[in-house]
Amino acid sequence: MSIVIEQESCNGCGRCLAVCPGALLCANAKGRAEIRYPADCWSCAACVKSCARGAIALYSAPACGGRGGLLRARREGEILHWVISLPDGTQRTISVDRRSANRY
Ligand code: SF4
Ligand code: SF4
C-alpha cells in the first residue's frame, strides 16, 4: 500500500514532507510533493492528515487485502472526516472527534 499525491491539488506547502516518519516525501522540480520510495511507505496516514488541501490519498491495494479504494482526510475543526472512495464509485465517511481519539 502507498499513497497517491494529486499534483494539481498540491501547493507545495511542505507539511507532508515534515511529518512523514520515514522521510519518504520530497519536493519535485515544480515544488510539489512526491513520494521517493513508495515501497517503503507503511501507510501510517500522517501525510494524509497533514494535507489541508486533500491532495494525498492512501491507496488500499487489492493485492494487500484492500479493495482498491482511496482514503482521504478532511478536517472540520476538531472533527476528522475519513472519506473512503471505492472503485465502484461509492463513498463512505467515518468521522472522528479528535478530542476523543484516545477513547476509541
Ligand atoms: S501537505 Fe498537501 S499541499 Fe502541502 S506539500 Fe504536501 S501534498 Fe502538497
Ligand atoms: S503514509 Fe506515512 S509512511 Fe507513507 S508517505 Fe505518508 S507519512 Fe510517510
Side-chain angles (χ1 to χ4, degrees):
M1 301 216 283
S2 184
I3 58 162
V4 178
I5 303 174
E6 292 159 0
Q7 294 292 299
E8 61 280 4
S9 301
C10 174
N11 67 358
C13 73
R15 279 196 201 111
C16 58
L17 279 63
V19 301
C20 177
L24 305 178
L25 301 167
C26 63
N28 62 22
K30 292 183 176 171
R32 295 174 181 157
E34 72 178 26
I35 183 160
R36 283 187 286 198
Y37 310 112
D40 290 343
C41 170
W42 56 86
S43 304
C44 69
C47 59
V48 178
K49 288 190 285 184
S50 76
C51 183
R53 297 177 62 88
I56 308 180
L58 198 62
Y59 176 62
S60 71
C64 298
R67 294 172 62 188
L70 291 171
L71 178 69
R72 294 182 176 83
R74 180 170 55 81
R75 281 199 188 170
E76 197 171 34
E78 293 297 329
I79 307 298
L80 185 62
H81 302 286
W82 290 103
V83 182
I84 305 158
S85 305
L86 294 171
D88 65 5
T90 58
Q91 277 197 344
R92 284 188 200 168
T93 301
I94 299 167
S95 300
V96 176
D97 187 331
R98 299 173 70 231
R99 292 164 296 194
S100 308
N102 288 337
R103 294 188 203 146
Y104 292 106

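Ligands are counted one by one from 1 in listed order, and the atoms in each one are counted from 1 as well.
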Exercise. Under a 4.5 Å cut-off applied to non-hydrogen side-chain atoms, are Gln91 and Val83 in contact?
Worked result: yes
Problem set entry | Heavy-atom side-chain contact between Leu24 and Ile3 under 4.5 Å | no
Problem set entry | Derivation and outcome, side chain to side chain contact (heavy atoms under 4.5 Å, CB included), residues Cys26 and Glu34 | CA-CA 6 Å; Cys26 63; Glu34 72 178 26; 3.8 Å; yes
Short list, please: which atoms of ligand 1 are under 4.0 Å from a heavy atom of [X]?
X     : result
Gly14 : 4 (Fe), 5 (S)
Asn11 : 3 (S), 4 (Fe), 8 (Fe)
Ile56 : 7 (S)

Problem set entry | Heavy-atom pair with the smallest gap, counting every atom of Leu17 and Ala33 | CD1-CB, 3.9 Å
Problem set entry | Where Glu6 and Gly54 come nearest, the two heavy atoms and their spacing | OE1-O, 3.9 Å
Exercise. Among Cys41, Cys51, Cys47, Cys44, whose heavy atom sits nearest atom 2 (Fe) of ligand 2?
Worked result: Cys44
For this session: Please say whether more than 12 non-hydrogen atoms of neighbouring residues, nucleotides or ligands are located less than 6.0 Å from CZ in Arg92.
Result: no
For this session: If you have a sec, work out which protein heavy atom is nearest atom 4 (Fe) of ligand 1 and how many Å separate them, to one decimal?
Result: Cys13 SG, 2.3 Å
Exercise. Can you tell me the protein heavy atom closest to atom 8 (Fe) of ligand 1 and the distance?
Worked result: Cys10 SG, 2.3 Å
Exercise. By number and element, which atoms of ligand 2 are closer than 4.0 Å to a non-hydrogen atom of Pro21?
Worked result: 7 (S)
For this session: Please could you name the atoms of ligand 2 that Trp42 approaches to less than 4.0 Å, counting only its heavy atoms?
Result: 3 (S)
Exercise. For Ser43, is the nearest heavy atom under 4.0 Å from an atom of ligand 2?
Worked result: yes
Problem set entry | Under 3.5 Å donor-acceptor, Arg36 side chain and Ala23 backbone | yes
For this session: Tell me, please, if Cys16 has any N/O/S atom, main chain or side chain, under 2.8 Å from atom 8 (Fe) of ligand 1?
Result: no
Problem set entry | Side chain, backbone, both or neither: Ser2 near ligand 2, heavy atoms under 4.0 Å | neither
Problem set entry | Under 2.8 Å: N/O/S of Cys20 next to atom 2 (Fe) of ligand 2 | no
Seminar exercise, completed: Rounding to 0.5 Å, atoms CD1 (Ile84) and CG (Leu58) come to a distance of 10.5 Å
Problem set entry | Region of Leu25 engaging ligand 1 - heavy atom pairs below 4.0 Å | neither
For this session: Could you state whether Leu71 and Val19 fall into the same hydrophobic cluster, counting links through intermediate Ile, Leu, Val, Met, Phe, Trp or Tyr residues with side-chain heavy atoms under 4.5 angstrom apart?
Result: no
